[in-house]
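Quick note on labels: first sequence line is chain A, next is B, and so on, each numbered from 1. Just so it is clear, the values below take in all heavy atoms, side chains as well, and ignore hydrogens, waters and symmetry mates.
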2 protein chains.
Amino acid sequence: MDKRQQLIHSAFELFYRNGIHAVGINQILQTAGVAKKTLYHHFASKEELIAAVVEYRDEKFYSWLASRLELVKPGYDGLNELFDAVDDWINNRVDLLSDFHGCFFINTCAEFNDPQQPIYQQCQHHKKKINSLIERQIRALGILEPATHHVTDSISLLKEGAIVMAHVQGDLTAANKAKDMAWIVLAAYLS
Amino acid sequence: MDKRQQLIHSAFELFYRNGIHAVGINQILQTAGVAKKTLYHHFASKEELIAAVVEYRDEKFYSWLASRLELVKPGYDGLNELFDAVDDWINNRVDLLSDFHGCFFINTCAEFNDPQQPIYQQCQHHKKKINSLIERQIRALGILEPATHHVTDSISLLKEGAIVMAHVQGDLTAANKAKDMAWIVLAAYLS
DNA sequence: AGAAGAATAGACAGATCGGTATACCTCTGT
DNA sequence: ACAGAGGTATACCGATCTGTCTATTCTTCT
């Protein structure tokens with residue numbers, strides 16, 4: 001078991017549940033069962049650890065969603081799978097992603113509330129990657145090319161809305177509502 | 001000028017821009033131009049100040065939105081106004097609300113990531129109040145009663161999605177996209 | 001006039017923060 | 001066999017955190 005990975009994993013769990021600024025380094029060390037010297041052997045600063053944690057979550061979440069979408073045909077099936085996946089996540093049916101506490105990237109942007117900051121930009125980059133997964137589904141539907149980006153953003157908006165509704169307002173059916181709306185909206189574009 | 005209000009105002013501006021945990025009391029005192037003793041005369045702790053700041057923003061935001069909705073007829077006009085208001089907010093055309101840095105309540109839930117916490121519940125309560133404004137519009141549309149709550153949640157989801165898209169992904173047209181989707185979805189319920 | 005309340009500046013306490021330093025241990029590769 | 005990398009535990013540093021305390025001034029009410 002790699003100590004570096006252990007630190008990232010423990011840090012993520014604590015950050016995700018309590019927020020980044022509310023978690024101190026000593027707490028991470030205690031949880032991970034790792035000495036302070038070891039942390040600073042792998043990372044130059046807390047900031048670097050945070051960056052590594054964001055990257056870790058990016059890879060984990062993206063590869064999870066991508067692999068789920070690969071199980072079905074792009075387009076109709078893919079979009080259903082997208083919202084089903086979010087529904088599973090919200091309702092804690094995905095062990096891999098830890099207990100649902102909202103979107104880690106939205107949460108992190110809320111704490112590092114400045115688009116100039118590298119960590120904020122990492123979060124934006126993650127969202128762009130997720131958007132590209134959605135865009136692939138939209139293209140497969142045969143939507144007119146000039147509308148592709150607009151429709152992709154609209155589906156992304158529904159997905160983000162579902163996550164926030166589930167997190168802040170506790171609506172565990174939000175992903176289903178978003179899915180229903182997605183098909184109503186898409187029908188208008190496909191007619 | 002009331003010192004208590006001055007503290008709340010300065011604290012809000014700092015919290016909204018930098019996150020709550022990232023802002024120290026001394027920073028608030030310096031910005032507000034107030035002595036430490038005065039702060040602890042009005043508030044028992046930082047926690048109490050935070051609660052007062054959330055309440056302050058709740059009142060300010062709610063009354064702003066409510067008053068905008070009162071200018072138009074409930075129903076069709078009201079829903080258009082809702083998304084126009086969010087669009088104005090996102091694009092910094094509302095001086096009253098300070099520079100857009102996402103939804104303060106979503107951001108705060110991200111930092112106090114536990115539904116048991118009073119501050120988290122204050123944020124949930126704010127969202128319920130906003131939902132009631134939306135529900136009034138939905139009822140005026142003449143939607144079948146059993147669907148009212150479901151449709152209200154759906155519109156709320158679109159609104160939250162727009163805010164997050166604007167904040168995290170920098171899509172300043174998100175509110176317009178949400179408005180378009182709202183009418184497509186509502187048309188399906190009204191037919 | 002004089003008491004009370006609200007404000008000031010700033011020293012101070014105790015805890016915790018991120019980060020460094022010291023001294024020692026345990027593997028592993030050549 | 002032994003050098004070096006990676007690890008442990010822990011003391012320590014200076015800074016900063018929330019919150020308390022002292023001593024003094026300003027304002028306001030009766």
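In this structure, Ile28(B) atom CD1 and dT18(D) atom C1' are separated by 11 Å, rounded to whole Å. Taking atom CG on Leu7(B) and atom P on dA6(C), their separation rounds to 14 Å, with Å as the unit. Taking atom CG on Leu29(B) and atom C1' on dT20(D), their separation rounds to 14 Å, with Å as the unit. In this structure, the NE2 atom of His41(B) is 14 Å from the P atom of dT20(D), given to the nearest Å. In this structure, CD of Gln30(A) is placed 15 Å from C1' of dT8(D), rounded to the nearest angstrom.
Ion pairing of Arg93(B) with Asp87(B) is present here, as a side-chain N (NZ or NE/NH1/NH2) and a carboxylate O approach within less than 4.0 Å.
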Spell out protein contact along nucleotides 8-24 of chain C as letters: B when the base is contacted, S when just the sugar-phosphate is, - when no protein heavy atom is under 4.0 Å; keep the 5' to 3' order.
BB-------SSBB-B--
Donor-acceptor contacts under 3.5 Å from residues 46-54 of chain A side chains, at least two apart:
residue: Lys46(A); atom: NZ; partner: Val23(A); partner atom: O; Å: 2.9
residue: Glu48(A); atom: OE1; partner: Ala44(A); partner atom: N; Å: 3.0

Report, one line per pair, each donor and acceptor closer than 3.5 Å where one atom sits in a side chain of residues 1-8 of chain A; sequence neighbours left out.
residue: Asp2(A); atom: OD1; partner: Arg4(A); partner atom: N; Å: 3.1
residue: Gln6(A); atom: NE2; partner: Ala32(A); partner atom: O; Å: 2.9

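At a threshold of 4.0 angstrom between heavy atoms, the contacts of His42(B) are confined to the sugar-phosphate backbone, with no base atom among them.
Annotation: ring pair (Phe, Tyr, Trp, His ring centres under 6.0 Å) contacts involving residues 57-79 of chain A, sequence neighbours excluded, comprise Phe61(A)-Trp64(A), Phe61(A)-Trp89(A), Phe61(A)-His126(A), Tyr76(A)-Trp183(A).
Taking hydrophobic clusters as Ile, Leu, Val, Met, Phe, Trp and Tyr residues chained together by side-chain heavy-atom distances below 4.5 Å, Ile163(A) shares a cluster with Leu157(B).
Asp84(A) pairs by the side-chain hydrogen bond (donor to acceptor under 3.5 Å, both in side chains) definition with Lys179(A), not counting sequence neighbours.
Taking the ring centre of Tyr16(B) as origin, the terminal cationic atom of Arg57(B) falls inside the region bounded by 6.0 Å and 45° from the ring axis.
Ring centroid separation for the pair His21(A) and Phe112(A) comes in under the 6.0 Å cut-off.
Residues from residues 8-20 of chain B placing a heavy atom under 4.0 Å of any atom in DNA chain C do not occur.
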